[in-house]
Amino acid sequence: MENTEKKELEITNFIRQIIDTDLETGKHKTIITRFPPEPNGYLHIGHAKAICHNFGIARDYKGICHLRFDDTNPVAEDVEYVDSIQDDVRWLGFDWGDNLFYASDYFEKLYDFAEILIKDGKAYICELSQPEIRATRGTLTEPGKNSPFRDRSIDENLEIFRRMKAGEFEEGSKCLRAKINMAHPNINMRDPVIYRIKKVTHHRTGDKWCIYPMYDYTHPLSDALEKITHSCCTLEFEDNRLLYDWYLDQLPIPARPRQIEFARLNLTYTVMSKRWLRNLVENHYVDGWDDPRMPTIAGMRRRGFTPEAIRNFCDKIGVAKANSVVDFELLQFCLRDDLNLRAKRVMVVLDPLEVVIENYPESPLNPPLQSEAEQTEYLDAENNPEDESAGKRKIPFSKVIYIEKDDFREVAPKGWHRFTLGAEVRLKHAYYVVCKEVVKDENGNVIRLICEYDPKSRGGWTNDGRKVKGTSHWVSAEHAVNIEVRLYEHLFDKVDPMNVEEGKDYTANLNPNSLTVLTNCKAEPSLVDSEKSEKFQFLRQGYFCQDYDSTKENLIFNRIVGLKDSWAKMEIKK
Ligand code: ATP
Ligand code: MG
């Protein structure tokens with residue numbers, strides 16, 4: 001984290017300004033924030049924004065940030081999600097120390113609070129069914145209707161509530177509702193449900209409870225019980241704030257958090273809600289939550305994204321009130337920015353074409369060896385031109401090499417600087433070569449180029465002022481390692497995947513080309529001993545790292561992100 005620390009300290013936004021004021025006026029001495037996920041799915045890049053924001057405040061103000069699971073809905077929750085969320089927050093570089101909490105730890109307390117509301121005449125047991133409650137809630141323009149159970153006596157309410165807790169009633173037969181105002185202009189205030197019966201095992205409390213508190217009741221009270229000073233959440237909770245404040249006003253809580261809403265992150269070509277992501281996983285549109293195409297933290301980690309790049313992205317997008325859609329390009333920019341500094345450059349040919357260097361063994365620079373096959377020399381290659389300390393490595397060169405099929409054109413377009421009959425091309429770190437002959441199979445497909453190299457151009461340059469514009473990457477055939485490469489494109493091919501024609505859903509916008517698997521790629525041998533976590537730049541192809549499925553015997557690499565301004569593309573004049 002050291003590299004980015006200085007930059008991150010300069011962050012300011014409207015929430016930090018509120019905190020500055022609260023510290024100046026002495027309203028708070030220690031700032032306490034929290035990141036409060038519901039453990040009903042894996043975290044996505046939108047959550048990363050909330051994590052960087054809340055944990056970033058704790059870091060910069062020397063405060064505390066809690067990780068709290070708002071686990072009020074046992075039907076949708078799972079320990080798998082609880083575990084993955086912790087992994088993801090930690091991986092992003094944040095630490096909650098001892099401050100790991102669960103809303104379910106407060107079930108007892110929340111139950112007691114509910115009894116207080118009943119005793120104060122502020123909550124009642126309602127026997128309307130869920131659809132009936134919905135139907136009597138009214139609309140934005142019409143008030144709702146009072147429940148026929150609204151005026152039960154306090155004693156009766158208390159007795160039924162206790163029997164609900166004891167498991168005497170069926171699911172859906174009864175619930176506890178706040179008694180506020182069915183004509184309130186804010187629909188959240190129209191006697192919202194506080195407790196419902198759910199005869200479901202909870203991943204933490206087991207079968208202890210058969211009534212569970214609603215999220216809107218649990219969330220603000222959990223914040224208050226934890227003495228959170230600033231409860232930051234996304235804009236869609238703005239309308240809930242009135243209700244949250246109502247609960248806080250009624251109950252004997254130890255502190256009163258201030259809720260501040262900020263805009264959620266939306267990204268082009270991406271769906272963000274866990275609900276939509278879960279559907280993709282459960283219906284096998286993708287290969288699990290950590291599919292490298294997913295906008296989940298787990299997917300991005302597997303793909304090879306770095307926490308530094310994601311944190312930097314979150315700093316760049318900032319925290320504001322107005323909703324917007326961020327261009328996916330910005331995330332890719334942050335990735336390239338980070339990977340450029342750390343990624344070791346290597347040569348990998350994704351779609352190989354054989355090149356035989358006819359005159360190679362006669363090289364005056366290399367004493368003739370016993371046979372052609374033995375003719376190998378080791379050339380120096382820098383590991384990272386951005387970082388001298390990354391050093392150099394030796395790469396083998398020999399008579400038969402592979403180049404990228406796409407680097408050869410039989411009929412060269414204007415401005416073409418790569419392989420074509422008669423043209424001189426630089427092999428990166430190696431020699432100048434000229435294509436002398438094109439060999440085809442019986443169907444007319446090019447299967448081999450016969451080239452000649454210039455021994456005076458060792459290292460890829462000469463001192464005779466000769467200009468060779470095109471540079472190609474290559475791999476020595478004899479030394480090449482076969483690897484599989486997985487190329488990714490956006491998971492959706494529409495900028496806004498939720499925008500669909502009538503009668504269709506967002507899965508209609510899935511990009512059929514989001515994954516391309518190349519199984520015959522040729523890599524330089526240094527990749528065999530690479531670390532699984534190591535990031536690479538495959539020259540001219542982008543940034544890559546090993547997939548989880550990769551083994552030493554069967555190397556598999558994910559493309560993390562392409563090279564935006566790859567010299568490959570720039571050299572072709574339009
Ligand atoms: P989803 O709609 O994906 O299920 P959620 O808001 O229900 O998201 P929670 O688990 O409740 O997910 O989220 C935990 C925290 O993350 C909340 O404070 C929420 O406001 C924040 N958060 C969720 N999505 C985004 C987003 N796209 N941008 C910023 N913050 C987000
Ligand atoms: Mg939610």
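Just so it is clear, the model here is predicted, and its values are computed rather than measured. Counting starts at 1 for both ligands and their atoms, in listed order.
Nearest to atom 18 (O) of ligand 1 by heavy atom, out of Pro36, Ala76, Ser273, is Pro36.
Residue Glu38 has at least one nitrogen or oxygen atom sitting less than 3.5 Å from a nitrogen or oxygen atom of ligand 1, judged on distance alone. Below 3.5 Å of separation, one finds no N or O of Ala50 facing any N or O of ligand 1. Of the polar atoms of His47, at least one N or O is found under 3.5 Å from an N or O of ligand 1, judged by distance alone. Considering backbone and side-chain N/O atoms, Gly46 comes within less than 3.5 Å of an N/O atom of ligand 1. Considering backbone and side-chain atoms together, Glu236 places no N or O closer than 3.5 Å to any N or O of ligand 1.
Remark: ligand 1 atoms within the under-4.0 Å shell around heavy atoms of Pro37 are 10 (O), 14 (C). For ligand 1, the atoms sitting less than 4.0 Å from at least one non-hydrogen atom of Phe35 are 14 (C), 15 (C), 16 (O), numbered in the order shown with element in parentheses. Interface of Lys274 with ligand 1, defined as ligand atoms under 4.0 Å from a residue heavy atom, comprises 1 (P), 3 (O), 4 (O), 8 (O), 9 (P), 10 (O), 12 (O). Annotation for ligand 1: atoms under 4.0 Å from non-hydrogen atoms of Thr234 are 19 (C), 20 (O), 29 (C), 30 (N), 31 (C). Below 4.0 Å from some heavy atom of Met272 lie the following atoms of ligand 1, by number and element: 3 (O), 27 (N).
Residues Tyr81 and His203 keep their aromatic ring centres 6.0 Å or farther apart. Here Tyr247 and Tyr217 bring their ring centres to under 6.0 angstrom of each other.
Applying side chain to side chain donor-acceptor pair (under 3.5 Å) to Tyr61 and the options Thr30, Thr33, Thr229, Asp20 leaves one that passes, Asp20. Partner Phe557 forms a ring-ring contact (aromatic ring centres under 6.0 Å, His included) with one of Tyr488, Phe538, Phe544 and no other, that one being Phe538.
Side-chain contact, His230 with Asp22: a donor N or O sits under 3.5 Å from an acceptor N or O.
Taking every heavy atom of both residues into account, Phe536 and Ala343 meet most closely at C-CB, 3.7 Å.
Contacts classified as side-chain hydrogen bond (donor to acceptor under 3.5 Å, both in side chains) and involving residues 164-176 (residues at least two apart or in different chains) are given here: Arg163-Glu168.
Classification of Asp287 and Arg293 as a salt-bridged pair fails, no side-chain N sitting under 4.0 Å from a carboxylate O.
Residue contacts with ligand 1, taken as heavy atom pairs separated by less than 4.0 Å, involve His44 solely via side-chain atoms from C-beta onward.
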